[in-house]
There are 2 protein chains.
Amino acid sequence: MAEQQQQRRPAPALTPERVVVAAAAVADRAGLHGVSMRSVGRELGVEAMSLYHHVAGKESLLDLLADWLMAQIDPPPADGDWRAGLHARAHSSRAALGAHPWGLSLLESRRTPGLSLLAGHDAVLAALRAGGFSVRLAAHAFSVLDAYVYGFVGTEQQLPFEPGDGADAMIQEMDESLTRFPALAELAAELVTGKDYAYGDEFEWGLELVLDGLAARLADERAASAPDSR
Amino acid sequence: MAEQQQQRRPAPALTPERVVVAAAAVADRAGLHGVSMRSVGRELGVEAMSLYHHVAGKESLLDLLADWLMAQIDPPPADGDWRAGLHARAHSSRAALGAHPWGLSLLESRRTPGLSLLAGHDAVLAALRAGGFSVRLAAHAFSVLDAYVYGFVGTEQQLPFEPGDGADAMIQEMDESLTRFPALAELAAELVTGKDYAYGDEFEWGLELVLDGLAARLADERAASAPDSR
DNA sequence: ACCTGAACACCGTTCAAGT
DNA sequence: ACCTGAACACCGTTCAAGT
């Protein structure tokens, strides 16, 4: 049983990038839990110890993986208006984190921001400044938007509402508790009868609420700094 | 060297509660990463294998730990108005998650909600309903508030802005990138000169924005359903 | 320069054995 | 009933050795 890889493909040289992409593939398949130096090595047809010649160690590999993920998120277009730009950026963030369910936990575990994250932050701040936000107000706006988007994805991924995914078990457990939790029971009843409900739709509702709030604060700020306001 | 514990204290019997509290103590000291069956056993003066008589395994222990954490969060008072109740609940959530920095990652990793989480959700929904929100609007409100609070804590904990904690390294890295990221540079300059800035203050600003937005939606809903509206 | 085998100090968990 | 030692199949990482 000769190894096919030996003669047919010279196996492209290992690079940090190839290691990161392999780690992402393993994570997509087996979760963040399944990413080990040994499993990533196996993905590349190489021993775990070889990886240490291209990444400093597992923590460093995870830093690179987090940066790879941030690079999947589109920046807001530089020329559009701030609201459309942030709206698009929010949906792109949710899409990237939805495509890689291990992403949020990974980002949360990193302590030092990568270049892609800094670049994304810079682009969002630039969009706000171009839209007329003061530096201080842009900082506020950035914070509330970022918190909302990441928080929504986190709560969304916790729900076992993907069909068959465990919703039955949850509903059964909740059935047992319905009398103890009447407000939840009321909600469950309404959402089950009103068939058009999908939790994912809440994203847009809350995003519009936040963007409306930012537009109002921006209008306040402009009114306060206008010459005729005093 | 006789073991003091043998004769002096009979060592209270192990219970699931004692195991969970020991796990929380280990996590507070060594992070979620430091919680192992062996380390929790050591905390209790017992071998790791003994724990299996009280919890089903590590995953089950983590489920119990997550529920213990949710129990630390105060429910909104049942009699106050909705806005004050949700405001207090939001601050209590942030305080609990701030006191146990491992909490958010842990909650994110759990797939089945515990009783404390369900009870908390129920109390928040009840406060909204008592405040006049329709079931559907209460679901929207719950979602956006929850997302904001959890998301803010997550981004807040990622910042290395605790004094000395690594802020120097970050600022140095960013110094290097300032020309590449002019909007970040502008922000950093303003926030450093304006010494009164603290990222933690953003929490209240964003919370008020969300609560204002909810109040406006509630007013809209009431106007739409009022008899004189048609 | 790049890859690797053996080794070390860890994991979660099973199981048979102790009391 | 509760606790435990040994064992198994894993981890991340070091190091000396190979090419």
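Small disclaimer: the values here were computed from a predicted structure and weren't measured. Every chain is numbered from 1, with letters handed out A, B, ... down the list of sequences.
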**Q** Ignoring hydrogens and angles, write down the donor-acceptor pairs under 3.5 Å from the side chains of residues 85-92 of chain B, residues two or more places apart or on other chains.
**A**
from	atom 1	to	atom 2	distance (Å)
His87(B)	NE2	Glu204(B)	OE1	3.1
His87(B)	NE2	Glu204(B)	OE2	2.8
Arg89(B)	NH1	Asp74(B)	O	3.1
His91(B)	NE2	Glu204(B)	OE1	2.6
Ser92(B)	OG	Asp74(B)	N	2.9

**Q** dC2(C), OP1 or OP2 - any side-chain N/O from Ser50(A) closer than 4.0 Å?
**A** no
**Q** For a quick check, tell me whether the side chain of His53(B) and the base of dC3(D) share a donor-acceptor pair closer than 3.5 Å.
**A** yes
**Q** By the ring pair (Phe, Tyr, Trp, His ring centres under 6.0 Å) test, which pairs, at least two apart or in different chains, include something from residues 94-128 of chain B?
**A** Trp68(B)-His100(B), His100(B)-Trp102(B), His121(B)-Phe142(B)
**Q** Reading nucleotides 8-19 of chain C from the 5' end, what letters show protein touch, with B for base, S for backbone sugar-phosphate only, - for no heavy atom under 4.0 Å?
**A** ---BBBB-----
**Q** According to salt bridge (Lys or Arg N to Asp or Glu O under 4.0 Å), who are the partners of Asp63(B), at least two apart in sequence or on a separate chain?
**A** Arg110(B)
**Q** Quick test of your reading: applying salt bridge (charged side-chain N to carboxylate O under 4.0 Å, His left out), list the pairs with at least one residue in residues 90-105 of chain A, sequence neighbours left out, ordered by first then second residue.
**A** Arg94(A)-Glu156(A)
**Q** Taking the side chain as every heavy atom from C-beta outward, state whether Val135(A) and Leu125(A) have any atom pair closer than 4.5 Å.
**A** no
**Q** Just by modelled atom types, is the Gly34(B) backbone N or O under 3.5 Å from a matching donor or acceptor in the Ser39(B) side chain?
**A** yes
**Q** Is the distance from OP1 or OP2 of dC3(C) to the nearest side-chain N or O of His54(A) less than 4.0 Å?
**A** yes
**Q** Could you pull out all residues at least two apart from Glu186(B) that satisfy salt bridge (Lys or Arg N to Asp or Glu O under 4.0 Å)?
**A** Arg129(A)
**Q** Quick one, which residues of residues 62-69 of chain A touch DNA chain D with a heavy atom under 4.0 Å?
**A** none
**Q** Check DNA chain D for consecutive Watson-Crick or G-U pairs with both distances under 3.5 Å and list the runs of at least three as stems.
**A** C:4-8 with D:12-16, C:12-16 with D:4-8
**Q** Under the salt bridge (charged side-chain N to carboxylate O under 4.0 Å, His left out) definition, can you give me all pairs with a residue in residues 20-37 of chain A, not counting sequence neighbours?
**A** Arg29(A)-Glu43(A)
**Q** For Leu117(B) versus Asp67(B), what's the shortest heavy-atom pair and its separation?
**A** N-OD1, 3.9 Å
**Q** Does any part of the side chain of Ser143(A), heavy atoms only, come nearer than 4.5 Å to the side chain of His140(A), both counted from C-beta?
**A** no
**Q** Just to verify, what does Arg38(A) make a salt bridge (Lys or Arg N to Asp or Glu O under 4.0 Å) with, not counting sequence neighbours?
**A** none
**Q** Once salt bridge (Lys or Arg N to Asp or Glu O under 4.0 Å) is applied, do any residues pair with Arg42(B), and if so which ones, sequence neighbours excluded?
**A** none
**Q** So if I take residues 19-30 of chain B and measure heavy-atom distances to DNA chain D, which residues fall below 4.0 Å?
**A** none
**Q** Name the one of Val153(A), Leu209(A), Val210(A) that satisfies side-chain contact (heavy atoms from CB on, under 4.5 Å) with Tyr148(A)?
**A** Val210(A)
